[in-house]
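Working notes, structure below.
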Amino acid sequence: MAKAPAYPDGKAVVRRANVEGSEELEIPGGLKAGHLAVLVNCQGEATLTVGQ
């Protein structure tokens, strides 16, 4: 997936494409109150950890 899908009243705060291996992503400005959705399209075996 090269582009995040459009969500009503939302915006992508971090995007990555074609990533291999481990990576930690910072959200510019940090987390704010409200909803956070994470969309991942993985190929192969992987583990995703989402934390603050």
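Numbers here are sequence positions counted from 1.
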**Message:** For residues 24-34, which residue pairs pass the side chain to side chain donor-acceptor pair (under 3.5 Å) check, not counting sequence neighbours?
**Reply:** none
**Set of residues satisfying side chain to side chain contact (heavy atoms under 4.5 Å, CB included) with respect to Val19, sequence neighbours excluded** = Arg16, Glu23
**Heavy-atom pair with the smallest gap, counting every atom of Pro28 and Val14** = CD-CG2, 4.0 Å
